[in-house]
A.B. asks: 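Take a look at this one; I'll ask things after.
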Number of protein chains: 2
Amino acid sequence: MVTMRDVAAVAGVSAKTVSRVFNDNPHVTAETKQRVEAALRELNYVPNAIATTFRTGRAPVIGVAVPDIIDPFFASIAKAAETLAAEHGMSVVITNLRSPDREPEVVQSLLRQALSGLVIAPAALDHGYLKAWIDRTPVVFVDRQPVGVAADSFIEDDVGGAHLATSHLVEHGHTRIGFIGDDLALPTTRARLEGYRAALSDAGIALDDSLVAVGAVDRAGAAATFADLDRAGPSAVFCSNARAAISLVPILQDSGLAITTFGDFPLADMLTPSWTVIDQDPLQLGALAAQRILDRLAKPNRRYRRRTVLPVRLVERDSCRIATRLEGFRLAADRR
Amino acid sequence: MVTMRDVAAVAGVSAKTVSRVFNDNPHVTAETKQRVEAALRELNYVPNAIATTFRTGRAPVIGVAVPDIIDPFFASIAKAAETLAAEHGMSVVITNLRSPDREPEVVQSLLRQALSGLVIAPAALDHGYLKAWIDRTPVVFVDRQPVGVAADSFIEDDVGGAHLATSHLVEHGHTRIGFIGDDLALPTTRARLEGYRAALSDAGIALDDSLVAVGAVDRAGAAATFADLDRAGPSAVFCSNARAAISLVPILQDSGLAITTFGDFPLADMLTPSWTVIDQDPLQLGALAAQRILDRLAKPNRRYRRRTVLPVRLVERDSCRIATRLEGFRLAADRR
DNA sequence: TTGTACGCGTTATCAT
DNA sequence: ATGATAACGCGTACAA
């Protein structure tokens, strides 16, 4: 490996002068600069990034940590952050959190790499382990709020979006509306349950806990969860997130239930019927988070808004128009 | 930040002894070890990973570089590599290649981080830029072969899979079979075109270049590409990859064409009709690649198989059963 | 303008 | 078994 010393020897200057030339320091004569540049090219000098990081204490790298990179929602966040970082000469490393309990070790091993910043969509329920790092490294939460630590966050309007989706079902005449989620331990899921309940209350519909079921994380779990919920006799369901929704497609596809879901997903518009969703714009989430990291690095002393809530919008498709079960309810009512 | 020196001062030993204790070096008396461990805990010592990497020249990190992390195929490769690495105390950093021409800079900035190894699903057409690194860092290619550099690779059977998919259409009675791909500059796409052509030849069907169209990278491109192909009057199409397939769903869904595609994708089995695909097992690809990195690190002098081709299998679903256009052809033939 | 000396935190070498 | 010293490659402070 060619070092600055090697280049210096060839150019007949000191290592420091090579450093100056390489970093475009103006205090070098044109003639010296030329000689050094020739040596640089001749030896094919490549800086040792680790040494630079070690010396300066910061790698020109932003970390992005997400619960599951297979989920297109999180992949989009990462991709947007990467695009923005690249525009500012930074690279991005993505890492999978894998599971709530592994989050601390995974994130800390990332943070030890002297990152310039971290964008995290947390999986864990408590993020107190970040306290020791947050003074030295800007950390921005996305999708979910920080718990046990103060940090910037960009989240979507979970309560509002769930309210919107549920109200949409109400407007279609449904009164028996189920809630299917992944895990109520997650604040995001809880907030969406809250929005769902608020919408029902606002419509004067009584809450029924047998219409709330969680555990839809894969196709098997989704089937079990739905079987549970189905006993309560819903005519419509609201899925609390895209991943649950994707798992639920096989079982909801031909159920005759009206459906809305929180979070768009690839091919949702191509299913039969196509699914009505709440759209979250993960690209914007990722871009905003990365921008905040860059801002904090550039102006550490400025004050920033701690919490930013992004609006969501309803994308209406077909899954609320077709509602066999509701017809059933109506016919039954007519007969009475 | 607490350093080994600080710990050494508290324990009343030298920094080197602290290092020995921390790294489980046996040449330390039990009594000394105990004292040092107490100091370690008291000061809450956390090693500076950058300093260690700097000193040893290797970070306990495997890099995974893929063209597009949004593509579930590549995300699966990354995830599998991560799982395997974690079992061996290594972490993984994922990076997006973004585009063929940006690949060299992106990869090299990754490699400068003194990685222990790199798993790459390349986007670029030539990988000669890796020559300078490959002696110091194990590099394993997945999905696509190395060009311009010698390296290990794990790829799927592109020619065989395409042959399989095309033959399947032939068996269903099709003779006008289109090929829709993303980019013929990619060796993968070319190999699949080759398999497609071989299958037609084997069936005694004449090749027709107007039945080959590329440019399906997003929904707009897919629509344009298909419009082009459609003029040639196909009754069936073979999509050369999952990403193209996903983009083509809107336009092929109700086309009445029989369909096969190379690469399964989420919800392919939930479309109407469900899509028959060639399944590639990206998880295995990622796991094998990461294992090879670990093997090469553990036994650098062993010899390894350069090129491993994984078999693929046909997953038959409904998209070949429904073939309105073929009926049209037959009726036309009957009338004659 | 250019160079010297030093230090970042860790580990390897070689004494003791 | 333990420690002193040097070294990894670069950038900072300061001197020349």
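For the numbers below, each heavy atom of this structure counts, side chains included, while hydrogens, waters and symmetry mates do not. Residue numbering restarts at 1 for every chain, and letters A, B, ... go by the order of the sequence lines.
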A.B. asks: Hey, can you pull the residues of residues 47-61 of chain B with a non-hydrogen atom under 4.0 angstrom from DNA chain C?
C.D. replies: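 Going residue by residue through residues 47-61 of chain B, the ones with a heavy atom under 4.0 Å of DNA chain C turn out to be B/Pro47, B/Asn48, B/Ala51, B/Thr52, B/Phe54, B/Arg55.
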
A.B. asks: In residues 3-32 of chain B, what residues come within less than 4.0 Å of DNA chain C, judged by heavy atoms?
C.D. replies: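 Those residues are B/Thr3, B/Met4, B/Arg5, B/Lys16, B/Ser19, B/Asn23.
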
A.B. asks: Between atom CD of A/Glu37 and atom CZ of A/Phe22, what is the distance when rounded to the nearest 0.5 Å?
C.D. replies: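 Atom-to-atom, A/Glu37:CD and A/Phe22:CZ are 10.5 Å apart.
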
A.B. asks: Can you tell me how far apart CD (A/Gln113) and CZ (A/Arg58) are? Round to the nearest 0.5 Å.
C.D. replies: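 Atom-to-atom, A/Gln113:CD and A/Arg58:CZ are 13.0 Å apart.
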
A.B. asks: Donor-acceptor check, side chain of A/Asn23 to backbone of A/Ser19, threshold 3.5 angstrom: yes or no?
C.D. replies: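 At least one qualifying donor-acceptor pair exists.
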
A.B. asks: Using salt bridge (charged side-chain N to carboxylate O under 4.0 Å, His left out), reason through A/Arg243 and A/Asp68 one step at a time and then give a plain yes or no.
C.D. replies: CA-CA 10 Å; A/Arg243 197 179 166 185; A/Asp68 185 3; 3.7 Å; yes

A.B. asks: Hey, could you give me the CZ/CG distance between A/Phe154 and A/Leu285, rounded to the nearest 0.5 Å?
C.D. replies: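 So the CZ of A/Phe154 and the CG of A/Leu285 are separated by 8.5 Å.
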
A.B. asks: Checking B/Asn48 against B/Thr3: is there a side-chain donor and acceptor pair closer than 3.5 Å?
C.D. replies: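 No, no side-chain donor-acceptor contact under 3.5 Å.
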
A.B. asks: Between A/Glu82 and B/Thr95, is the side chain to side chain donor-acceptor pair (under 3.5 Å) condition met? List the steps.
C.D. replies: CA-CA 9 Å; A/Glu82 184 151 53; B/Thr95 200; 3.2 Å; yes

A.B. asks: Need two values: the first and the last nucleotide of DNA chain D, 5' to 3', having an atom under 4.0 Å from any heavy-atom of chain A.
C.D. replies: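 The footprint of chain A covers D/dG9 to D/dT12.
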
A.B. asks: Taking atom CZ as the centre, does A/Arg306 end up with more than 12 heavy-atom neighbours from other residues, nucleotides or ligands that are less than 6.0 angstrom away?
C.D. replies: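 Enclosed: over 12 neighbouring heavy atoms sit under 6.0 Å from CZ of A/Arg306.
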
A.B. asks: With no hydrogens and no angle check, just 3.5 Å: does a side-chain donor-acceptor pair link A/Asp182 and A/Thr189?
C.D. replies: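 Present: a donor and an acceptor within the cut-off.
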
A.B. asks: Does the structure place the NZ or CZ of A/Arg302 under 6.0 Å from the centre of the six-membered ring of A/Tyr304, at an angle of no more than 45° from the ring's axis?
C.D. replies: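 Ring-cation test returns yes.
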
